[in-house]
Structures are given as structure tokens and as C-alpha cells.
Engineer: 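Handing you this structure, nothing more for now.
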Amino acid sequence: MAEQLRSIRRKVIVEKEKLKREIGTAALFSAGYGNVGSSIYYALGATAVFALGASPLAIALAGIFFVFTVWSFSEGTAMMPFAGGASYFSRKGFNESVSFFTGWVDLLCYVVTIAISSYTAVKYLAYFIPALKYPVPVTIGNFAFQTSPHFFSIMAAIIVVTGLMALNVRGVKEATSFNIFFAILDIATQALLIILGATLVLNIGKILSYPYLGPEYWPTLKGFVQGFAIAMISYSGIDTISQMSEEAYDYKKTVPKSYFLLIIVVLIMSVGLPVIAGSVMDPKELATTWSEDPIAGIAYYMPDIALFGLNIDLSAILGPWIAVLAVSILLMATNAGIMGASRLAYSMGQHRQLPSAVFKLHRKYNTPFVAIIFFSLCAAGLLFVGVFFRDIFIKLASLYAYSAMLIFTMAHVSIIALRIKYPDLERPYKTKFNLKIAGKEIPITAVISIFVNMFVWVIIATGDRWTGNIGIIWIVGGFVLYVMYRKKHKLPVHEEVTIERVVEAAYQPVDFYDIIVPTVGDLDAEMIQAACKIAQRDKSRILAIYVIEVPMTLPVDAVIPAEKEKGERALDQAEMIGKEYGVEVDTKLVQARSAGKAIVEEAVKRKADLILLGHPRKTKASDILSGRTINYVAQNAPCRVWVDVAEMRDTEQISGSEAEL
């Protein structure tokens with residue numbers, strides 16, 4: 001029967017244009033700030049380990065090159081708004097092998113993001129669980145010992161990573177409104193700390209005295225250079241906006257605007273907070289006691305204030321608030337790292353840079369579970385190494401800077417290559433300060449940044465043997481596997497190769513569509529039959545639409561064979577029912593982030609008069625038309641919506657009976 005029904009093989013219609021209208025400047029900025037802004041929660045302490053009292057200067061100096069890097073990313077993204085960021089720039093600027101190198105290093109950057117963000121989140125959690133920061137004496141009979149907060153923190157961070165890994169395997173969705181809310185909350189909190197600090201504790205004289213107080217307060221030249229190198233991680237995560245640009249509307253304007261906002265806010269916070277920290281803490285204390293949770297240290301030293309006759313303990317108020325907010329932001333950054341690694345791995349797999357097994361989709365959840373598990377376990381492995389290294393936090397920070405410097409450098413080099421290779425290509429945003437050489441405009445800021453970034457990279461690679469070894473093993477090992485994979489499948493090493501995806505333009509409507517019947521899983525035959533009866537009476541047309549919801553761990557145009565197969569079967573059945581009634585049923589298979597939005601936008605596009613929603617008796621977790629989808633369609637549809645309420649009641653009664661059993 002199934003073979004008879006599968007008379008027409010449909011092509012998947014990927015609603016890319018629709019998605020481009022969903023993400024604006026605020027959403028792009030919040031996503032970028034969620035990654036870049038989270039860095040200050042650990043970058044300040046890591047920088048202070050080397051730069052001591054010169055930490056504000058080191059971070060401010062790094063901020064200059066942050067601006068230069070943002071300019072390059074703005075130009076490249078506004079010119080080529082596709083997922084991949086620096087990897088995509090290098091593919092077009094150079095060739096496929098250079099693109100693989102950039103993407104592979106970017107994957108290392110994501111892995112370290114997962115590790116260091118989860119570890120730091122645990123350290124801020126220590127406000128509520130002191131055993132994660134301070135040793136606890138334990139006595140069992142005549143045997144007495146102290147717990148190891150370092151060991152507990154490592155194990156807790158590994159648990160966090162594995163937990164988020166499991167959630168991402170099942171599939172999680174990223175809500176832009178949720179990101180915007182937390183970005184605003186985080187910015188408001190950090191701004192409040194700066195305002196309170198500037199009003200109550202700012203001591204410029206104390207900060208300026210550090211150079212004269214000896215080596216415990218002011219670094220050597222070597223220490224400052226190392227601190228400057230580590231300070232670069234204060235601004236990592238820039239490529240987040242590039243990765244999301246494919247889903248941005250009016251990208252020529254929204255991308256540069258979101259990057260411009262990112263520059264302003266990040267520079268204010270990243271320079272302001274170190275100044276306040278230097279006012280309330282001695283450099284040595286910041287570099288030791290508070291190195292892993294420096295913002296908590298600022299809150300701890302906030303003084304009491306008298307207001308309307310009341311004595312207010314600011315530290316008692318700000319302490320738990322900073323702890324909760326920091327843990328939330330850092331957990332979001334950890335999750336974003338897992339999602340980013342899986343999406344980038346899938347994209348690289350589509351370009352035949354990684355074996356198909358790496359981006360294999362889960363049969364039930366349609367997520368790239370192998371990539372999610374592999375890169376999460378890599379992060380957990382880096383954390384586990386911390387059992388043997390007490391300074392694992394600094395090592396992770398160094399490895400983060402190591403990979404970030406290579407990514408930034410490749411972005412700058414690629415922008416220069418694109419200027420030479422495609423001088424006439426439209427550039428909605430163009431990096432400032434250009435020098436004309438042989439008729440080609442070369443951005444001076446990119447050239448300067450390349451030399452500075454490589455200088456920093458050499459300092460990091462030679463400054464810590466562990467960092468240098470891990471970086472070389474990752475890069476060389478990955479490149480060897482890439483060449484072997486390409487040779488095995490007789491593919492060119494340096495030329496672009498992609499797995500062809502079946503994608504076509506959106507279905508062209510006739511005059512108008514009266515009825516839309518969304519369906520998923522096993523066909524809701526009753527709703528199709530109801531639509532056919534109405535069509536017989538009104539001579540209307542019917543559109544049966546099957547929506548595949550694509551999780552955020554995958555690009556929206558990802559190939560999901562299992563879901564496509566289910567959709568084809570359901571739509572074939574809809575056509576057969578229509579033939580029984582003598583009614584033509586048009587069909588459409590759509591991939592989108594949200595089923596509700598896809599249905600509503602289809603109704604707007606087709607000028608539909610009616611949407612018929614069923615409520616299939618399938619599993620509650622996978623039912624695309626349950627709960628939120630029905631509510632969204634009912635509230636936003638431009639036409640009447642009929643829902644099979646009787647079937648919903650039957651489903652609820654069945655669920656209630658199962659619960660009682």
C-alpha cells in the first residue's frame with residue numbers, strides 16, 4: 001500500500017526567505033552578546049592572573065582589536081550572509097582546505113567554550129554551595145580530612161556538560177525573545193554594578209598607584225603581554241552573529257547595526273568592570289581568591305549604604321543575584337557552544353569536510369547526535385584533565401585564546417583575499433581605513449590585526465606547553481583525517497564539494513486557496529475528509545501541508561530523511577482521500593523552525609479562508625500540532641481556524657487514564 005501511495009516524490013521546500021524575516025537587530029545583538037558578554041564573567045580573573053593591576057589596561061587594549069575584528073566580520077557577513085562565519089569567508093577567499101582549517105579550529109573554540117563556561121558556572125554556583133569553592137573538614141571516626149573543592153567543581157562541570165548534551169540530543173529550541181530578555185537583564189545588572197561602583201567605591205588613585213607598589217601589584221613586561229593575550233577572550237564569540245545571519249531579515253542593515261551595538265555595550269562593560277574590580281580588590285586577591293568568579297568578588301566588596309534611614313547591605317543583595325544571573329548566562333553559553341558545534345559540524349559535513357557519520361541524524365529526534373555527543377565529550381575530556389592540573393582554568397582560558405586568535409586572523413586574511421579576488425562584489429558594509437595597493441583597497445585595520453593576533457598566538461602557544469600541544473594535536477590530527485577522508489572518496493582536497501540537497505522555490509499559488517489542512521505523522525484522515533466535503537460544496541481548493549520542525553542544532557535546510565519519508569506518506573494519503581471525493585488536494589512539504597509560524601505564514605501567503613487543525617493521538621512530545629502550535633495558529637491566523645476539539649478531549653481522557661494506571 002505504501003508503495004502505491006508513493007506515486008509522487010516531493011521535493012522539500014525550505015522556507016529560507018521566511019526565516020530571514022524572523023530575526024532582527026535585537027535578536028542578532030542578544031545572541032552575539034550572550035556569547036561575547038558571558039566572557040567577562042571569567043576573562044577578568046584569567047587576565048588578572050598575568051596582568052595583575054594592569055588588567056584594565058590589558059582588556060582596554062584588547063578592545064581596540066576587538067573593534068577591528070568586528071569591522072571585518074561585519075563586512076564579510078553583510079556581503080555573504082550564510083552560516084559558517086570565518087569558515088565561509090575563507091572558502092570563498094581561498095579554497096576548501098583553508099575553509100576546513102578555519103572550521104576545524106572554530107570547532108575547537110566551541111569545545112573550549114563548552115568547557116570553560118560550564119566550569120565557571122559551577123564556580124559562581126559556589127555562592128549557594130560553598131563546598132565548590134572552599135574545602136570542608138570531614139571527620140569519620142578517627143579519620144579526618146578536607147574535601148577538594150577543585151575536584152567537586154570539575155565533576156559538577158562534567159555533569160553540566162553531559163546533561164546539556166542529553167538535552168541537545170533530544171532537541172532543544174532557542175527562543176530569540178528569551179535571549180533578548182536575558183541580554184537586557186545581564187546588561188542592566190552589569191551597568192548597575194558599574195554605576196554603584198563608580199558612585200561608591202571608585203578609586204582611580206589606588207589603581208594608578210599599582211605600578212609603584214611592587215611585583216605583587218604590577219606585572220613584568222612578559223606578564224603584561226601574556227595578560228593582554230588572555231584578555232582577548234573577553235571578546236570571543238564574535239562570529240555568533242555571522243552564524244545567524246542566514247536567518248536575518250534585511251541583513252544588509254541589521255547585521256552592521258547589531259555589530260555596532262555589540263561594540264558599544266561590550267566595550268563599556270569590559271572596561272568598566274575591571275576598573276571597579278581594581279578599586280575594591282588588590283590585584284593579588286583578584287588573581288587568586290576571585291580569579292574564577294571575579295564579578296562575584298565585585299559584589300562581595302560592595303559597601304553598605306544608608307537610604308531613608310535604612311542600612312542596606314548591598315553585598316547581601318547583589319551576591320545571590322550575581323550568582324544566579326552568572327550561572328544562567330554561563331549555562332546558556334555552554335548550551336550555545338554545543339549547538340554551535342553541532343550546526344558547524346553539520347555544515348562542514350554537507351561540504352564533505354567531515355565523514356557522514358559525524359553529522360548523522362538521530363532517527364527519533366532528528367538531531368546530529370553523533371556531533372553533539374562527540375564535541376560534548378571532547379569538552380568533558382578537557383575538564384577531566386583538570387583533575388591532574390590545578391590550573392585547568394588558566395589552561396582552558398589559554399586554549400580559548402589560542403583558537404580564537406586563529407579564527408580572528410583567518411577572518412581578517414579572508415576579507416583581504418575577497419577584496420583582491422572580488423573587488424566589484426557588493427559590500428553593504430565596508431571596513432574603514434583602506435589603503436589602495438595595485439588598484440585594490442586593502443583594509444589597514446585587518447593588516448594590523450593579523451600581525452597582532454599572530455603575535456598573541458605565538459605568545460600563548462609558547463607560554464604554556466599544554467595549550468600548544470593540545471592545539472597542534474587538534475589541528476594536525478584534524479587535517480590528516482580531512483585529507484584521508486577526501487582521498488578515500490576520491491574527492492579533491494582543495495576544491496569545494498557539497499552534498500546536493502533537493503531544494504526548490506516555494507510553491508506557486510493559483511488564484512487563491514480556501515482551506516489549509518496541516519498534518520504530521522499518521523494522517524488525520526477525518527480533517528482531510530471534512531475539507532473535501534467543504535470543497536465539494538464550495539468548489540474550493542485544498543492544500544495539505546506537512547511541516548518538519550528543524551531543531552536549532554541543525555541548519556534549517558538540513559536533510560532529514562526519516563521525517564521527509566513520513567511527510568511523503570502522509571501527503572500521498574491526503575491525495576488519495578481527495579481522489580475518493582473527486583477533489584484535488586495540493587500538497588506541500590515544508591521545513592521550518594516553528595510549525596505554528598510556518599502554518600500562519602502559509603495562510604497569509606495563500607490568502608486562505610480556513611485552517612483545519614486536527615489533534616492526532618500520537619506521543620505528546622513529538623506532536624507538532626499540540627499545545628503551543630494550536631495556540632499560536634489560533635491567535636495569529638489571518639482566517640478562521642477550526643480545531644477538532646472532540647479528538648482533543650478523547651486524547652486528554654486517554655492520557656488521564658494512562659496516568660491513573
Side-chain angles (χ1 to χ4, degrees), residues 29 32-75 109 183 186-187 190-191 193-194 197-198 202 204 207-208 219 223-241 256 258-279 283 286 294-295 298 397-398 400-405 407-409 411-412 431-433 443-457 459-460:
F29 165 75
Y33 186 80
N35 282 274
V36 180
S38 65
S39 302
I40 193 63
Y41 284 99
Y42 49 80
L44 173 55
T47 302
V49 171
F50 298 98
L52 297 173
S55 295
L57 180 61
I59 292 176
L61 185 61
I64 296 174
F65 297 97
F66 161 69
V67 174
F68 293 169
T69 304
V70 168
W71 286 349
S72 289
F73 269 94
S74 295
E75 177 174 327
C109 205
D186 189 38
I187 292 170
Q190 292 185 16
L193 278 178
I194 293 175
L202 181 62
I204 298 297
I207 296 173
L208 294 177
F224 179 78
V225 172
Q226 288 179 311
F228 166 71
I230 296 297
M232 288 290 194
I233 68 174
S234 302
Y235 309 104
S236 55
I238 297 173
D239 63 336
T240 303
I241 293 176
S258 58
Y259 269 126
F260 178 74
L261 287 174
L262 195 66
I263 287 175
I264 295 175
V265 177
V266 169
L267 283 181
I268 292 174
M269 302 305 173
S270 296
V271 175
L273 288 173
V275 171
I276 303 303
S279 298
L286 177 60
I295 309 303
I298 296 176
S398 298
Y400 200 176
Y402 177 101
S403 55
M405 289 305 97
I407 296 300
F408 294 168
T409 299
H412 291 303
T431 302
K432 302 173 178 60
F433 309 113
I444 299 174
T445 55
V447 175
I448 295 173
S449 296
I450 290 170
F451 286 105
V452 172
N453 289 343
M454 291 313 300
F455 171 73
V456 169
W457 182 80
I459 293 296
I460 295 171

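This one's a predicted model, so the numbers in the text were calculated from it and none came from an experiment. Heads up: numbering here begins at 1 and tracks the sequence.
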Engineer: Of all the heavy-atom pairs spanning Ala51 and Ala58, show the shortest one and how long it is.
Structural biologist: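 So the two residues come closest at CB-CB, 4.2 Å.
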Engineer: Can a donor-acceptor pair be found, under 3.5 Å and without considering hydrogens, that links the side chain of Glu75 to the backbone of Thr431?
Structural biologist: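 Yes; judged by distance alone, with no hydrogens or angles, the pair exists.
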Engineer: Verify, without hydrogens or angle tests, whether Tyr259 (side chain) and Ile238 (backbone) share a donor-acceptor contact under 3.5 angstrom.
Structural biologist: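 Yes, Tyr259 side chain to Ile238 backbone: donor-acceptor pair under 3.5 Å.
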Engineer: Looking only at heavy atoms, what is the nearest atom pair of Leu286 and Pro294, with distance?
Structural biologist: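 Looking at all heavy atoms of both residues, the closest pair is CD1-CB, 3.9 Å.
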Engineer: Side chains of Trp457 and Thr409: does their closest heavy-atom pair fall under 4.5 Å?
Structural biologist: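 In short, these two side chains do not touch, never coming nearer than 4.5 Å.
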Engineer: Taking the inter-plane angle between the rings of Phe228 and Phe65 on a 0 to 90° scale, is it parallel (under 30°), tilted (30 to 60°) or perpendicular (over 60°)?
Structural biologist: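 Rings of Phe228 and Phe65: perpendicular, over 60°.
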Engineer: Give, for atom CG of Leu261 and atom CD1 of Ile187, the distance between the pair rounded to the nearest 0.5 Å.
Structural biologist: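 Nearest 0.5 Å value for the CG-CD1 distance: 9.0 Å.
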Engineer: Measure the CE-CD1 distance between Met269 and Ile295 for me, rounded to the nearest 0.5 Å.
Structural biologist: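 If we round to the nearest 0.5 Å, Met269:CE and Ile295:CD1 are 11.0 Å apart.
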Engineer: Does the pair Ser279 and Ile207 meet the rule for a side-chain contact (heavy atoms from CB on, under 4.5 Å), with working shown?
Structural biologist: CA-CA 6 Å; Ser279 298; Ile207 296 173; 3.6 Å; yes
Engineer: Can you see which heavy atom on Pro56 is nearest to which on Pro274, and at what distance?
Structural biologist: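 Nearest heavy atoms, Pro56 then Pro274: CG-O, 3.7 Å.
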Engineer: Kindly indicate, with the supporting measurements, whether the criterion side-chain contact (heavy atoms from CB on, under 4.5 Å) is fulfilled by Val70 and Ser74.
Structural biologist: CA-CA 6 Å; Val70 168; Ser74 295; 3.9 Å; yes
Engineer: Taking all non-hydrogen atoms of both residues into account, name the closest pair between Val456 and Ala229 and its distance.
Structural biologist: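 Smallest interatomic distance, heavy atoms only, reads CG1-CB, 3.4 Å.
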Engineer: Can you say whether the rings of Phe433 and Trp71 are parallel (under 30°), tilted (30 to 60°) or perpendicular (over 60°)?
Structural biologist: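 Tilted, since the angle between the ring planes falls between 30° and 60°.
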Engineer: How many angstroms lie between atom CG of Asp186 and atom OG of Ser38, to the nearest 0.5 angstrom?
Structural biologist: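 Asp186 CG to Ser38 OG: 8.5 Å, rounded to 0.5 Å.
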Engineer: Any side-chain heavy atom of Gln190 within less than 4.5 Å of one from Ile40?
Structural biologist: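 Answer yes - side chains close enough.
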Engineer: What are the two closest non-hydrogen atoms of Ile298 and Leu273, and how far apart are they?
Structural biologist: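 Between these two residues, the closest heavy atoms are CD1-O, 3.7 Å.
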Engineer: Do Phe29 and Ile241 make a side-chain contact, defined as non-hydrogen atoms from C-beta onward lying under 4.5 Å apart?
Structural biologist: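 With C-beta onward as the side chain, the pair stays apart.
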Engineer: Tyr235 and Ile59: side-chain contact (heavy atoms from CB on, under 4.5 Å), yes or no, with the steps?
Structural biologist: CA-CA 9 Å; Tyr235 309 104; Ile59 292 176; 3.3 Å; yes
Engineer: Measuring from Tyr402:OH to Ile407:CD1, what's the distance to the nearest 0.5 Å?
Structural biologist: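 Interatomic distance, Tyr402 OH to Ile407 CD1, rounded to 0.5 Å: 11.5 Å.
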Engineer: Quick one: does Ser55's side chain have a donor or acceptor within less than 3.5 Å of a partner on Leu52's backbone?
Structural biologist: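 The answer is yes, because a donor-acceptor pair under 3.5 Å joins these two groups.
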Engineer: So, taking the atom named CZ in Phe455 and the one named CD1 in Ile460, what distance separates them when rounded to the nearest 0.5 Å?
Structural biologist: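 Rounded to the nearest 0.5 Å, the CZ-CD1 separation comes to 10.5 Å.
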Engineer: Is there a side-chain contact between Ile276 and Leu193 (heavy atoms, below 4.5 Å)?
Structural biologist: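 Side chain of Ile276 against side chain of Leu193, heavy atoms only: no contact under 4.5 Å found.
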Engineer: What distance separates Leu61 CG from Phe66 CZ, expressed to the nearest 0.5 Å?
Structural biologist: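 Answer for the CG-CZ pair, Leu61 versus Phe66, is 14.5 Å.
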Engineer: Is any side-chain heavy atom of Asn453 less than 4.5 Å from a side-chain heavy atom of His412?
Structural biologist: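 Answer yes - side chains close enough.
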Engineer: Does Met232 form a side-chain contact (heavy atoms from CB on, under 4.5 Å) with Met405? I'd like the steps, not just the answer.
Structural biologist: CA-CA 8 Å; Met232 288 290 194; Met405 289 305 97; 3.3 Å; yes
Engineer: Check for a donor-acceptor pair, side chain of Ser39 on one end and backbone N or O of Ile233 on the other, with a separation under 3.5 Å.
Structural biologist: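 Checking the backbone N and O of Ile233 against the side chain of Ser39, a donor-acceptor pair under 3.5 Å is found.
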